[in-house]
Participant: 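This structure is in structure tokens; I'll ask about it shortly.
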Amino acid sequence: MFELSTTRNNPLIDPALHAWGWEIPIYLFLGGLVAGMMIISGYFIFSGRQKNPDCACNFLPFFSIFFLTIGMLSLFFDLENKINVWRLYTTFQLTSPMSYGAWILILVYPALVLNIFIRPPQLLINKIPKLKIISDKLYERSYLIKWIGVLNMIWGFLLGAYTGVLLSTMSARPLWNSSLLWMLFIVSGLSSAAAFVHMIARDRYERELLAKADNGFLTTEIFVIALLLIGLLTSSQSGINAAKLLLTGPFASTFWVLVVGIGILIPLPLQLLAVNHKVKHTPIPPLMVIMGGLILRFVIVYAGQYSNWLNIHF
Amino acid sequence: MSRYGMVIDTKKCVGCTDCVIACETENNVPYGFSRSWVNQIAIGKFPDTKVEILSERCNHCSNPPCVHVCPTGASYVNELGIVLVDHDKCIGCKACVEACPYGARYIHPDGYADKCTFCNHRVEKGEDPACVAVCPTHSMYFGDLDDPNSEVSKLLNSREHHTILPEIGTEPKIFYLK
């Protein structure tokens with residue numbers, strides 16, 4: 001028998017009782033989605049697809065800016081001392097992933113704006129005619145366009161990876177303390193982004209390509225989730241307890257039904273059938289994938305805060 | 001640079017929680033929060049049982065994860081080896097709350113991360129922290145761990161002791177004498 005009684009009796013001090021609420025998972029999801037969209041858009045630009053006016057890379061940066069701004073607002077809402085937010089940009093803390101993240105977020109915007117300069121929409125050119133001049137000059141030097149594609153891919157990768165690293169450096173939370181977490185978040189971000197572009201792409205080739213790519217991302221995601229859980233189950237008792245939170249504990253139903261089932265296992269065969277022209281492309285599988293990606297962040301953030309080290313010190 | 005730490009004799013501690021109350025009074029800890037607490041751990045089955053009472057607080061780790069994750073440098077270690085929070089730099093992001101394996105931090109209603117300071121304001125004047133000063137059984141000791149002649153160093157040299165969760169590698173500076 002092991003019995004612990006405490007005078008603490010204080011939910012306000014206990015991080016296990018969720019210091020981070022809904023704002024952080026929303027931000028992590030939107031950050032991952034934008035990261036995926038930047039990688040996809042960057043790849044299309046690098047492949048020279050921006051010449052096609054229907055290319056997704058011509059309108060994805062607008063969605064990215066919108067989603068990232070919502071994500072950053074969500075992050076801002078989470079701060080308890082909002083007036084001091086500028087302090088993030090008066091320093092660079094070498095050991096703090098959040099400090100890296102703050103700077104990465106600031107640098108992502110210029111990369112997205114450069115993406116817009118390649119082929120600005122007519123509506124924007126009518127308002128700011130100079131954009132046409134910038135765009136023409138970029139087309140005169142096509143190597144610059146390729147570099148903008150590479151820049152978007154690199155910043156997208158950094159943004160997606162950092163959202164995982166942010167959590168995984170916290171040794172106090174066994175569920176997060178895995179070097180696989182950044183991989184899970186980046187694959188999940190890519191999969192959500194591919195699903196989103198699959199849903200809104202005007203070009204048929206891109207729609208097919210992203211549905212196929214999404215199947216690859218979803219399959220990889222299953223493997224990364226399995227490896228993450230195996231890693232935890234074969235580590236210390238705290239790690240085993242953390243894995244059990246998802247496998248059989250209080251987060252199991254959400255994890256199995258919404259993340260694994262509706263988020264991966266059901267849309268995967270549906271999209272396979274669609275790319276093989278057995279069924280029509282519908283927005284249902286991509287919506288399932290996007291919802292799965294969102295719930296994954298909620299489950300990881302909430303269960304992670306629940307996971308703890310065993311306080312047995314005899 | 002000194003390295004201040006605390007030694008608590010679990011054989012003398014009776015779990016009266018005077019340390020908890022003294023801390024709250026000395027530091028104006030807002031109602032509903034606490035910087036220190038007492039854990040009582042019972043292990044075994046009657047009649048084979050043992051109990052340890054632990055007066056706990058921030059461990060002022062030598063390798064503090066809360067300081068490493070802070071994005072603004074608000075969490076820092078001072079020249080006495082005490083882990084502190086600069087309220088003016090803190091943005092209340094709660095990364096330190098999540099990073100502390102001891103659950104020693106909370107967000108003060110004014111928006112900054114708060115925790116035990118080893119009563120830094122008293123230590124600077126050469127006094128003991130409030131919890132140590134008030135302990136009715138004199139079970140708590142405070143001093144420089146790097147000074148071989150300090151009472152804490154002598155106790156650690158002569159008695160068996162343990163820290164909480166040493167396996168995480170935070171190198172806590174609160175020691176419990178067995």
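From a predicted model like this one, the values you see are computed outputs, not experimental measurements. We name chains A, B, ... by the order of the sequence lines, and we start the count at 1 in each one.
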Participant: So which of A:L75, A:L88, A:L167 has the largest heavy-atom pair count under 4.5 angstrom toward chain B?
Facilitator: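 Highest number of pairs under 4.5 Å: A:L88.
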Participant: Between A:M170 and chain B, with a heavy-atom cut-off of 4.5 Å, which part of the residue counts as in contact: side chain, backbone, both or neither?
Facilitator: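 Just the side chain, heavy atoms under 4.5 Å.
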Participant: Suppose we call two aromatic rings close when their centres sit under 6.0 Å apart. Are B:F142 and B:F118 close by that rule?
Facilitator: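 Judged by ring-centre distance (under 6.0 Å), B:F142 and B:F118 do meet the cut-off.
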Participant: Given a strict heavy-atom distance threshold of 4.5 Å, which part of B:D114 is in contact with chain A: side chain, backbone, both, or neither?
Facilitator: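 For B:D114, neither part sits under 4.5 Å from chain A.
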Participant: Between B:K94, B:H87, B:K115, B:H108, which residue shows the highest count of heavy-atom pairs closer than 4.5 Å to chain A?
Facilitator: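 So the answer, after comparing B:K94, B:H87, B:K115, B:H108, is B:K94.
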Participant: Output the option from A:V85, A:L79, A:I83 having the highest count of non-hydrogen pairs under 4.5 Å with chain B.
Facilitator: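 Top count of heavy-atom pairs under 4.5 Å with chain B: A:L79.
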Participant: Please examine the side chains of A:L112 and A:W155, heavy atoms only from C-beta on, and report whether any two atoms are closer than 4.5 Å.
Facilitator: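 With C-beta onward as the side chain, the pair stays apart.
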Participant: How many angstroms lie between CD1 in A:I290 and CD1 in A:I295, if you round to the nearest 0.5 Å?
Facilitator: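 So the gap between those two atoms works out to 12.5 Å.
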Participant: B:C70 versus chain A, heavy atoms under 4.5 Å apart: side chain, backbone, both or neither?
Facilitator: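 Contact with chain A: backbone only.
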Participant: Using the rule side-chain contact (heavy atoms from CB on, under 4.5 Å), only one of A:I186, A:L190, A:L296 pairs with A:E221; which is it?
Facilitator: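 When A:I186, A:L190, A:L296 are each tested with A:E221, the side-chain contact (heavy atoms from CB on, under 4.5 Å) holds only for A:L296.
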Participant: Give the C-alpha distance, both sets of side-chain angles, the deciding distance and a yes or no for salt bridge (charged side-chain N to carboxylate O under 4.0 Å, His left out) between A:R173 and B:E98.
Facilitator: CA-CA 8 Å; A:R173 311 279 150 227; B:E98 298 292 357; 3.6 Å; yes
Participant: Is it the side chain or the backbone of A:W176 that comes within 4.5 Å of chain B heavy atoms, both, or neither?
Facilitator: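 Contact with chain B: side chain only.
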Participant: Where does the angle between the aromatic ring planes of A:Y100 and A:F92 fall among parallel (under 30°), tilted (30 to 60°) and perpendicular (over 60°)?
Facilitator: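 Perpendicular, since the angle between the ring planes exceeds 60°.
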